[in-house]
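Since the structure comes first, as structure tokens, the remarks are kept for the end.
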Amino acid sequence: MRGLFLFLSISSYALLALSSAGDRSKEFKGCLSYCDATQCGPQSPPLPLVLRLTRWTCTDNCKYTCMHQLTTKRIDSSTKILQYYGKWPFWRFAGMQEPASVAFSLLNLWAHWRGASKIRREIPDANPLKSYYLWWSFASINTWVWSAVFHTRDTPTTEKLDYFSAALTILLALYFTVIRLFHLYTPSRLSLTTERSSQKGAMLKLWTTVCGIAYICHISYLTLLPRFDYVYNVVFNLIIGLTHNALWLVYSLPASLSFIRRFPNRPKTYRPSFVGKAAILVLFTTAATGLELFDFPPLARTIDAHALWHLCTAPIAVYWYRFLVEDANDESWREHRS
């Protein structure tokens, strides 16, 4: 579930490095050249403190000023609004390039912080999945921190930190999902035979190694290339995210169609009523991501489809944590703790 909407967050920025119609236009280039010549000389006054703190340069400020001057003209003449450097024109606030996306990223951060507290408080320490869920929660919090930073100031460094953090969260989501659905959690915590315990332990180590190597190779490839490979980055996250979502849909299948054992030492047909919530959350997530497919100029130059998508993911995260806690507290877990 989590994987798909993080993937679309990444893919929506896949072409940021490319120029757009707005910054290619003669009007914009002329405006920028004039602004640079008149506003960015050695005797020019410094930018306001808030802009300097958020790392705006004089040239950056000229780009911002020209972009909005030309956008205002286009609105007044009922002409199509253009993108600049791969983004719509947004009014900045306190130095933030996309204040709505920053606010909604922080809302998601709060949802995961709250979710981590819920896991600590409501899942017993004896449950073998608790530590895996907490790792994922902390990775998600980190992701939304960097999402807020990236939407505050889009630079090559903040872009990579945002992308790499999101990729880690997506991969950890798949990591704990496989451990949960195929019962690869620490065998010593459940009543297993020595032979079966050894097999589970070996499989867990193998799966952990595969995921670790995959992430290291992923960020190494993107870091060492002379130019960031956006297409590969999108494909990597797409595969991981869709695999994650497919597994939770398998988990939600009706009892008559189930081919995995959802709970320890229970028959495949055992299906508590809350199991279907995973599929519902996946479907809600898919519907929310549809906003990314209907891109439109920002309303009042403040809120666009991407910002609304961030707004939708926060309540989904809240309900996802509720589901994880409910799943972890099923009676079948209590019966088999050692």
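Salt bridge R153/D60: present, at least one basic N to carboxylate O contact under 4.0 Å. Ion pairing between E27 and K73 fails under the 4.0 Å rule for side-chain N and carboxylate O.
The line from CH2 of W91 to CD1 of I303 is 15.5 Å long, rounded to the nearest 0.5 Å. Separating the CG atom in L32 from the SG atom in C40 is a distance of 8.5 Å, to the nearest 0.5 Å. Atom NE2 of H306 sits about 7.0 Å away from atom CD of E98, to the nearest 0.5 Å.
Between W56 and Y64, the ring planes lie perpendicular to each other; the angle is over 60°, past the 30° to 60° tilted range. Ring planes of Y321 and H112: perpendicular class, angle over 60° (limits at 30 and 60°). Aromatic ring orientation, F323 versus W320: tilted (interplanar angle from 30° to 60°).
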Item to check | Evaluation steps, side-chain hydrogen bond (donor to acceptor under 3.5 Å, both in side chains), between W146 and N142 | outcome: CA-CA 6 Å; W146 289 114; N142 177 69; 3.2 Å; yes
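With hydrogens and angles disregarded, a donor-acceptor distance shorter than 3.5 Å links the side chain of K130 to the backbone of R120.
Under the 4.5 Å side-chain heavy-atom criterion for Ile, Leu, Val, Met, Phe, Trp and Tyr, W135 and L247 are members of the same hydrophobic cluster. By the rule that hydrophobic residues join a cluster once side-chain heavy atoms approach within less than 4.5 Å of another member, F28 and F90 end up as members of separate clusters.
Judged by the 6.0 Å distance and 45° axis criteria, R180 is positioned over the aromatic ring of F263.
Residue Y221 forms a ring pair (Phe, Tyr, Trp, His ring centres under 6.0 Å) with just one option from Y215, Y232, F236, and that option is Y232.
Side-chain atoms of F93 and V102, non-hydrogen and from C-beta on, never get closer than 4.5 Å to each other.
For F284 and Y319, the gap between ring centers reaches or exceeds 6.0 Å.
Residues meeting the side chain to side chain contact (heavy atoms under 4.5 Å, CB included) test with L109, sequence neighbours left out: L106, I141, W144, V145.
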